[in-house]
Amino acid sequence: MTAETVAPAWMHEQITAEQYNSWSAEQCAGIEIVDGMVVVSPSASKRPNRLARILANALDAAAGPDWNADTDFDVRLQDVPLTNRRPDVVVYRADTIDVTPTRPEHVLLVAEVVSPGSETTDRIVKVDQYAKAGIAFYWRIEQAATGVPLIYTYVLDPATRSYRTGDMFTGVVKVSAPFTVEIDLGRL
């Protein structure tokens, strides 16, 4: 094994919130922290990236002045052990744009675009983590063989801190609460 292929020591040790906060943006890109351990997330291909961008733009336009929708930033689910997730799309309170880290109480909705290699994490693991953190809505977007995405929506039951299944959409998302949004994802 050459020196170029050896993972840095910090990838094998539990990371604290303080350590993570001291890292540069470049060190944080492409990783998530789960129970204090670094999880490397390979870059998504063009199709999932495009789908996430289209979804974020539509949600941002529909959200009005009180909410923002963006892609590719950390949501701090818990401090000890540190768990940071990097959803594909996040709808968060506009008045928290400069607050770091973004916490679940700032977030209304997270969306994950399922891509090869993320199926189990997006369908099972993240759903449970987002629900336990108290995020009100979770959307999972699947790439169908037909080219038209399938959008599965979930709504938090605050009493049980688990999601109940919401509506399923094919290609066009029409949601009216908490704000009205209609997104035609069509064929990508």
Undergrad: Side chains of V90 and D70, heavy atoms from C-beta outward: is any pair under 4.5 Å?
TA: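 Of all side-chain heavy-atom pairs linking D70 with V90, none is under 4.5 Å.
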Undergrad: Once you round to the nearest 0.5 Å, how far does CZ of R85 lie from CZ of R76?
TA: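 CZ of R76 is found 14.0 Å from CZ of R85.
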Undergrad: Here's a test for you: under side chain to side chain contact (heavy atoms under 4.5 Å, CB included), which of L150, T153, L55 qualifies with I141?
TA: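 Output: one option passes, namely L55.
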Undergrad: Please examine the side chains of E32 and N84, heavy atoms only from C-beta on, and report whether any two atoms are closer than 4.5 Å.
TA: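 No, their side chains stay 4.5 Å or more apart.
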Undergrad: Between R140 and E112, does a salt bridge (Lys or Arg N to Asp or Glu O under 4.0 Å) hold up when you go through it step by step?
TA: CA-CA 5 Å; R140 187 183 81 238; E112 296 286 357; over 6 Å; no
Undergrad: Nearest 0.5 Å, please: how far is CG in N68 from NE2 in H106?
TA: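 The NE2 atom of H106 sits 12.5 Å away from the CG atom of N68.
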Undergrad: Roughly how far apart are R103 CZ and D74 CG, rounded to 0.5 Å?
TA: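 That separation rounds to 11.5 Å.
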Undergrad: Can you give me the closest heavy-atom contact between A133 and P104, atom names plus distance?
TA: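 Scanning both residues, the minimum pair turns out to be O-CB, 3.3 Å.
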Undergrad: Taking all heavy atoms of Q14 and all of P81, pick out the closest pair and write down the distance.
TA: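 Scanning both residues completely, I find the closest heavy atoms to be NE2-CB, 3.7 Å.
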Undergrad: Hey, are the side chains of K126 and P87 touching, using non-hydrogen atoms and a 4.5 Å cut-off?
TA: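 A side-chain contact is absent here, since even the closest heavy-atom pair is not under 4.5 Å.
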Undergrad: About how many Å separate CG of N49 and CG of D88, when rounded to the nearest 0.5 Å?
TA: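 Rounded to the nearest 0.5 Å, the CG-CG separation comes to 7.5 Å.
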Undergrad: Might you point out which heavy atoms bring A94 and P65 nearest each other, and give the distance in Å?
TA: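 That would be CB-O, 3.3 Å.
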Undergrad: Hydrophobic clusters here meaning ILVMFWY residues chained together by side-chain heavy-atom distances under 4.5 Å, can you tell me if V75 and V127 are in one?
TA: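 Hydrophobic grouping puts V75 with V127.
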Undergrad: Of all the heavy-atom pairs spanning A131 and S162, show the shortest one and how long it is.
TA: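 Taking A131 first and S162 second, the nearest heavy atoms are CB-CA, 3.8 Å.
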Undergrad: Taking all non-hydrogen atoms of both residues into account, name the closest pair between T96 and R93 and its distance.
TA: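 Between these two residues, the closest heavy atoms are OG1-O, 2.7 Å.
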Undergrad: Are Y130 and V107 in one and the same hydrophobic cluster, where Ile, Leu, Val, Met, Phe, Trp and Tyr link if side-chain heavy atoms are under 4.5 Å apart?
TA: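 Y130 clusters together with V107.
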Undergrad: Measure from the side-chain N and O atoms of T83 to the backbone N and O of Q78, and report whether any donor-acceptor pair falls under 3.5 Å.
TA: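 Here the side-chain-to-backbone pair does not exist.
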Undergrad: Would you compute the distance between atom CG of N57 and atom OG1 of T71 and round it to the nearest 0.5 angstrom?
TA: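 Going from the CG atom of N57 to the OG1 atom of T71 covers 8.5 Å.
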Undergrad: Which label fits Y154 and Y138: parallel for a plane angle under 30°, tilted from 30 to 60°, or perpendicular past 60°?
TA: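 Judged by the thresholds at 30° and 60°, the geometry between Y154 and Y138 is tilted.
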Undergrad: May I ask you to test the Y163-D128 pair for a side-chain heavy-atom distance under 4.5 Å?
TA: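 Of all side-chain heavy-atom pairs linking D128 with Y163, none is under 4.5 Å.
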Undergrad: Does any donor atom in the side chain of Y152 or R123 lie under 3.5 Å from an acceptor atom in the other side chain?
TA: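 R123 and Y152 do not have a side-chain donor-acceptor pair below 3.5 Å.
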Undergrad: Could you pull out the closest heavy-atom pair between S115 and D122, with the gap in Å?
TA: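 What the structure gives for the nearest pair is N-OD2, 4.5 Å.
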Undergrad: Taking the side chain as every heavy atom from C-beta outward, state whether V91 and F137 have any pair of such atoms under 4.5 Å apart.
TA: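 V91 vs F137: side chains apart.
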Undergrad: Answer yes if L109 and V155 sit in the same cluster of Ile, Leu, Val, Met, Phe, Trp and Tyr residues linked by side chain heavy atoms under 4.5 Å apart, and no otherwise.
TA: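 Per the 4.5 Å side-chain linkage, L109 and V155 are co-clustered.
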Undergrad: Hey, are the side chains of W23 and I31 touching, using non-hydrogen atoms and a 4.5 Å cut-off?
TA: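 A side-chain contact exists here, since the closest heavy-atom pair is under 4.5 Å.
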Undergrad: Roughly how far apart are L108 CG and D66 CG, rounded to 0.5 Å?
TA: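 Going from CG on L108 over to CG on D66, the span is 11.0 Å.
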Undergrad: Same cluster for L77 and V39 if Ile/Leu/Val/Met/Phe/Trp/Tyr side chains link at under 4.5 Å?
TA: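 No, because L77 and V39 fall into different hydrophobic clusters, even though each may have its own neighbours under 4.5 Å.
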Undergrad: Is there a path of hydrophobic side-chain contacts, each under 4.5 Å between heavy atoms, that joins L59 and I135?
TA: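 Each belongs to a different hydrophobic cluster.
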